[in-house]
There are 2 protein chains.
Amino acid sequence: MPADVPFSTTLFVRDSCLCLHVQRAARALARRFDVALRPVGVTSGQFSLLMALNRPHPPAMGQVAALLAMDRTTLTANLKPLQRRGSIEVRPGENDKRQRVLALTPAGCGVLAAAVPIWLATHRAVEGLLGEASPDRLRADLMALS
Amino acid sequence: MPADVPFSTTLFVRDSCLCLHVQRAARALARRFDVALRPVGVTSGQFSLLMALNRPHPPAMGQVAALLAMDRTTLTANLKPLQRRGSIEVRPGENDKRQRVLALTPAGCGVLAAAVPIWLATHRAVEGLLGEASPDRLRADLMALS
DNA sequence: GACAAATTAGTTGATGTCAACCTAAATTGG
DNA sequence: CCAATTTAGGTTGACATCAACTAATTTGTC
């Protein structure tokens, strides 16, 4: 017979579970940025992905997946809509033919440029939610978890 | 014509975006708890959901969705696998017939009881990742964001 | 009581997330 | 030089997430 889990245990887990707290914050923040970025036609995740590709030397998939702490197959799925809309280009690697090199197209660069001011304003508002808490401290804590 | 986004801007956004940092931490933590909880056959999200239902008076969907900072329709989708496996029961509300009241079954309670020790051990390990940082402080910061 | 407005939840379609399994290319060891 | 291993990525299936739209119920007002 499975023993019941005491309600006090439930309250303890609900109040202290970092996994739950982080998931909740992740959902709330994603929603907020999704709404703000809708005028330029990207989600918060797509914005982060496009931004990750804006660099002098186009990266391969593995590097990007590691940077975003994302499964490689998730990245594959996330690339599809961006590729379909012509925001990014996928090319085989030159030195290593196993690799897929990911590059922004000019159109993708334009989307990114339009999104940056929106990101700035939204991010300022989000940091405001923290009150006197330091965003740097929070970032450091989150970094330690991933 | 879309101006290029300077690489320095990319680095600034990547380093400071709380949305990205929270998403990364969320993915990493979910993976970690998913792996740990696999022996009892639930994911981290399902664990949080089952735990949210372990209370004296079975709640309606809206309350649970708000507690988890989750869209109502997401909750509907998340209930399906748990319902199929007989971990939870969905009944129409008695006072308000629009409501769907969510309750743990004895089987679901058993799953939850088996998961609690795993959660305890995993959570202790995760708090260890924070080093000298205070889990309470981090929780308070995350709470402010959602 | 009748009826408009607000509340509660479901459905559909697009996308995000990962594990398990698979292929191909590069690297390493003998 | 070649076989075993490692590495980079894809495919499939299950589940998670939300917006937009719809249906049923309750509530507030007259």
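Letters A, B, ... mirror the listed sequences (proteins, then strands); counts begin at 1.
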Aromatic ring pairing A:W119/B:F12, orientation class (parallel under 30°, perpendicular over 60°, tilted between): perpendicular
N-O pairing of A:D141 and B:R137 below 4.0 Å: yes
Shortest non-hydrogen contact between B:R14 and A:L67, atoms and distance: CD-CD2, 3.7 Å
Pair A:R139 + A:E127, salt bridge at N-O below 4.0 Å: yes
Inter- and intrachain pairs under ring pair (Phe, Tyr, Trp, His ring centres under 6.0 Å), touching residues 55-78 of chain B, at least two apart: none
Close residues, residues 17-46 of chain A, relative to DNA chain D [heavy-atom separation under 4.0 Å]: A:R27, A:R31, A:R38
Any B:L130 side-chain heavy atom under 4.5 Å of B:P135 side chain: yes
Residues touching DNA chain C, which here means a heavy atom under 4.0 Å, drawn from residues 70-97 of chain A: A:M70, A:D71, A:T73, A:T74, A:A77, A:N78, A:P81, A:R84, A:R85, A:N95, A:D96, A:K97
Rounded interatomic separation in angstrom, taking CZ from A:R100 and P from C:dA26: 13 Å
Same cluster (ILVMFWY, side-chain, under 4.5 Å), A:L50 and A:L120: yes
Side-chain-base donor-acceptor pair under 3.5 Å for B:R98 and D:dT26: no
Side-chain (A:S87) to main-chain (A:Q83) donor-acceptor, under 3.5 angstrom: no
